[in-house]
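To start, the structure itself, in structure tokens.
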Amino acid sequence: MTEDLPALVIGAGPAGLMAAEALASAGHQVVVAEALPSPARKFLMAGKSGLNLTRDEDAAVFASRVQGGSAPALRAPPGYLHDEELRAIVAEFGPADVCGWARGLGVELFTGSTLRVFPVGMKASPLLRAWLRRLAAQRVELRTRWRWQGFAGEALRFDTPLGERLLRPRVTVLALGGASWPRLGSDAGWVGWLQDVGVAVAPFRPANMGFLVGWSPAMAPHFGAAVKGARLSAGALSSRGEWVLTRQGIEGGAVYEISAALRDGAAGVVDLAPDLDAETLAARLARPRGRLSVGNWLRRVLRDPVKVALLLEWGRPLPGDPAALAALTKALPLRVAGPAGLDRAISSAGGVRLEALTPALELRARPGTFAAGEMLDWEAPTGGYLLTTCLATGRHAGLAAARRLGGP
């Protein structure tokens with residue numbers, strides 16, 4: 001059975017729903033096919049700890065944090081999507097636009113001390129319910145348990161509760177997610193089908209992830225402890241946010257801020273005393289230790305047992321010279337064994353390469369088919385950048401698809 005329809009969106013996450021809204025607002029009939037029993041599973045998971053919608057920054061500054069994940073091919077054809085155009089897409093629907101859109105759904109927002117913007121209720125579910133109601137009022141049809149199984153000529157094949165079905169849309173927006181948290185729907189099962197029709201796809205890698213550490217037994221009492229008031233750096237990236245020691249390694253916002261550089265081979269260091277210059281710290285370390293153990297003496301200086309544990313773990317043998325010990329404390333090597341797995345990363349790098357797309361986010365190898373969201377090859381830090389970029393690219397692809405359809 002083959003069904004003809006004007007517009008199809010595959011994937012009911014934020015990018016797909018935003019693409020559907022853009023198409024429906026232009027007057028087009030839209031079907032959204034979702035593989036799971038309910039939409040936006042990863043979006044709802046993100047909202048369990050407080051839904052960080054965006055960040056209260058200038059749109060251009062905000063968009064500058066979004067980077068294409070892979071270098072373009074040396075002989076990329078003219079008219080392909082560049083990093084600058086990707087950032088322009090994000091700036092077109094930046095923080096102020098996202099806030100206005102959310103308020104239009106009846107969701108009150110507040111801005112935290114780090115400029116991150118959240119719903120007052122801190123949950124994703126009220127926003128999603130309001131959004132789905134508005135889409136239903138626009139006659140967007142959501143079909144759950146419709147799992148895409150690849151192309152069949154001009155049609156697309158689906159495994160559905162009614163058996164195999166073929167859809168033949170005039171335009172299609174793919175919003176299938178990346179490769180992180182596969183149990184929530186982003187399993188990258190689409191990669192082979194796109195490659196088969198000539199779409200270049202960069203391998204997926206973890207992004208905004210923790211790192212593995214082979215801790216000594218002495219660190220066990222500190223598992224679960226937060227590291228506060230330290231600065232992490234790797235390459236050109238740095239952060240003073242909190243991070244957490246776990247049985248497997250390190251994770252948390254400050255780690256995610258530098259994770260791309262650390263993953264790509266930059267040496268990581270931690271400044272355990274960022275509010276003290278090296279000379280002041282050396283003077284404190286030069287005071288007589290008396291009968292105190294090394295650990296107790298360092299606790300008096302650093303005033304934090306977790307920082308002392310890290311210094312003893314990653315800094316031994318400790319230098320005896322106060323100036324050298326101060327230098328080590330302010331640039332302690334971050335001894336990690338590698339990134340944690342892709343399945344638990346907050347996001348992923350890799351996906352449809354930018355040179356496989358036009359500036360309209362249309363697949364060069366398959367005209368009439370657009371792509372958006374985390375399935376594209378870009379990455380950004382946490383803090384609202386991920387969700388806003390998914391919304392912005394979904395909107396851009398939906399508007400482009402609507403233009404291709406023309407009048408309703």
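Because only heavy atoms are used, hydrogens play no part in the values below, and waters and symmetry mates are left out as well, while side chains stay in. Position 1 is the first residue of the sequence, and the numbers go up from there. Quick caveat: nothing in here was measured; it's all calculated off a predicted structure.
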Describe, in one word, how the ring planes of F110 and F118 are oriented to each other, choosing from parallel (under 30°), tilted (30 to 60°) and perpendicular (over 60°). parallel
List the atom of V308, the atom of G295, and the distance in Å for their closest heavy-atom pair. CG1-O, 3.9 Å
Donor-acceptor pair, D97 side chain versus G94 backbone, under 3.5 Å? yes
State whether the side chain of E362 and the backbone N or O of G368 hold a donor-acceptor pair below 3.5 Å, judged by distance alone. yes
Would you say the side chain of F370 lies within less than 4.5 Å of the side chain of L399, judging by non-hydrogen atoms? no
Is R147 reaching over with its side chain to a backbone N or O of T160, donor-acceptor style, under 3.5 angstrom? no
Starting at CG of L357, measure out to CD of E85 and round the result to the nearest 0.5 Å. 10.5 Å
Using a distance-only test with no angle check, is there a side-chain donor-acceptor pair under 3.5 angstrom linking E379 and Y385? no
Measure the CG-CD distance between L332 and E313 for me, rounded to the nearest 0.5 Å. 10.0 Å
Relative to the ring of W215, is the ring of F223 parallel (under 30°), tilted (30 to 60°) or perpendicular (over 60°)? tilted
Chi angles and distances behind the salt bridge (charged side-chain N to carboxylate O under 4.0 Å, His left out) call for D159, R165: CA-CA 7 Å; D159 179 22; R165 292 291 186 270; over 6 Å; no
P206 backbone acceptor or donor facing R263 side chain under 3.5 Å: yes
Mark yes or no for whether D271, through its side chain, and A331, through its backbone, hold a donor-acceptor pair below 3.5 Å. no
Hey, is D343 close enough to R183 for a salt bridge, meaning N to O under 4.0 Å? no
If every non-hydrogen atom of A24 is compared with every non-hydrogen atom of V140, which pair is closest and at what distance? CB-CG2, 3.6 Å
pair V244-V227: side-chain heavy atoms closer than 4.5 Å: no
Please, which pairs that meet side-chain hydrogen bond (donor to acceptor under 3.5 Å, both in side chains) have at least one residue in residues 111-123, sequence neighbours excluded? none
Let's go through R231 and S233 carefully: what are the C-alpha distance in whole Å and the side-chain angles of both, what is the deciding distance for side chain to side chain contact (heavy atoms under 4.5 Å, CB included) to 0.1 Å, and is it a yes or a no? CA-CA 7 Å; R231 178 184 289 113; S233 301; 4.0 Å; yes
Salt bridge R240-D275, side-chain N to carboxylate O under 4.0 Å: yes
Could you go through the side chain to side chain contact (heavy atoms under 4.5 Å, CB included) check for L405 and L23 one step at a time? CA-CA 9 Å; L405 284 174; L23 279 157; 4.1 Å; yes
Taking the side chain as every heavy atom from C-beta outward, state whether I10 and L156 have any pair of such atoms under 4.5 Å apart. yes
What's the separation between atom CG in L17 and atom SG in C390, rounded to the nearest 0.5 Å? 11.5 Å
Do side-chain atoms of D377 reach the backbone of A202 as a donor and acceptor pair under 3.5 angstrom? no
Under 3.5 Å donor-acceptor, W146 side chain and P161 backbone: no
Side-chain touch L334/I258, heavy atoms, less than 4.5 angstrom: yes
Compare every heavy atom of G177 with every heavy atom of M375, then report the nearest pair and how far apart it is. CB-O, 3.3 Å
I'd like to know if the side chain of W148 reaches the main chain of W190, judged simply by a donor and an acceptor atom lying under 3.5 Å from each other, with no hydrogens or angles considered. no
For S348 and L342, what are the C-alpha separation, side-chain angles and deciding distance, and is it a side chain to side chain contact (heavy atoms under 4.5 Å, CB included)? CA-CA 7 Å; S348 56; L342 182 58; 3.8 Å; yes
Greater than 12 external heavy atoms within 6.0 Å of R134's CZ: yes
Taking all heavy atoms of A188 and all of A179, pick out the closest pair and write down the distance. CB-CB, 4.0 Å
About how many Å separate OG1 of T172 and CG of L363, when rounded to the nearest 0.5 Å? 9.5 Å
Any chance you could lay out the side chain to side chain donor-acceptor pair (under 3.5 Å) test for T54 and T388, step after step, and finish with the verdict? CA-CA 6 Å; T54 191; T388 292; 2.9 Å; yes
Taking all heavy atoms of P39 and all of L142, pick out the closest pair and write down the distance. CG-CD2, 3.9 Å
Say you draw a straight line from CD of Q29 to CD of E141; how long is it, rounded to the nearest 0.5 Å? 7.5 Å
Might you work through the side chain to side chain contact (heavy atoms under 4.5 Å, CB included) test for L328 and L311, ending with a clear yes or no? CA-CA 8 Å; L328 176 65; L311 181 58; 4.2 Å; yes
Looking at every non-hydrogen atom in both residues, tell me the closest pair between A372 and A15 and how far apart they are. C-CB, 4.2 Å
Is any side-chain heavy atom of T358 closer than 4.5 Å to one of R364? yes
Is N296 close to R299 at the side-chain level, that is, under 4.5 Å between some pair of heavy atoms? yes
Check whether N208 reaches the backbone of A380 with its side chain - one donor and one acceptor, N or O, closer than 3.5 Å. yes
Would you say E257 and L237 make side-chain contact, with heavy atoms under 4.5 Å? no
Applied to residues 237-266, the ring-ring contact (aromatic ring centres under 6.0 Å, His included) test, sequence neighbours excluded, yields none
Supply the atom-to-atom distance D56 CG to C99 SG, rounded to the nearest 0.5 angstrom. 6.5 Å
Counting neighbours of CD on E84 that are heavy atoms of other residues, nucleotides or ligands and sit closer than 6.0 Å, is the number greater than 12? yes
Flag if over 12 foreign heavy atoms under 6.0 Å of CD, E164: yes
Side chain to side chain, R103 and L109, heavy atoms closer than 4.5 Å: yes
Do E21 and W131 have side-chain N/O donor and acceptor atoms under 3.5 Å apart? yes
Under the side-chain hydrogen bond (donor to acceptor under 3.5 Å, both in side chains) definition, can you give me all pairs with a residue in residues 30-42, not counting sequence neighbours? S38-R41, K42-S180, K42-E374
salt_bridge(E3, R143) N-O dist < 4.0 Å: yes
Derivation of the salt bridge (charged side-chain N to carboxylate O under 4.0 Å, His left out) call for R170 and E154: CA-CA 9 Å; R170 290 170 58 196; E154 294 302 311; over 6 Å; no
Look at the side chain of H82 and the backbone N and O of E355, then say whether any donor-acceptor pair between them is shorter than 3.5 Å. no
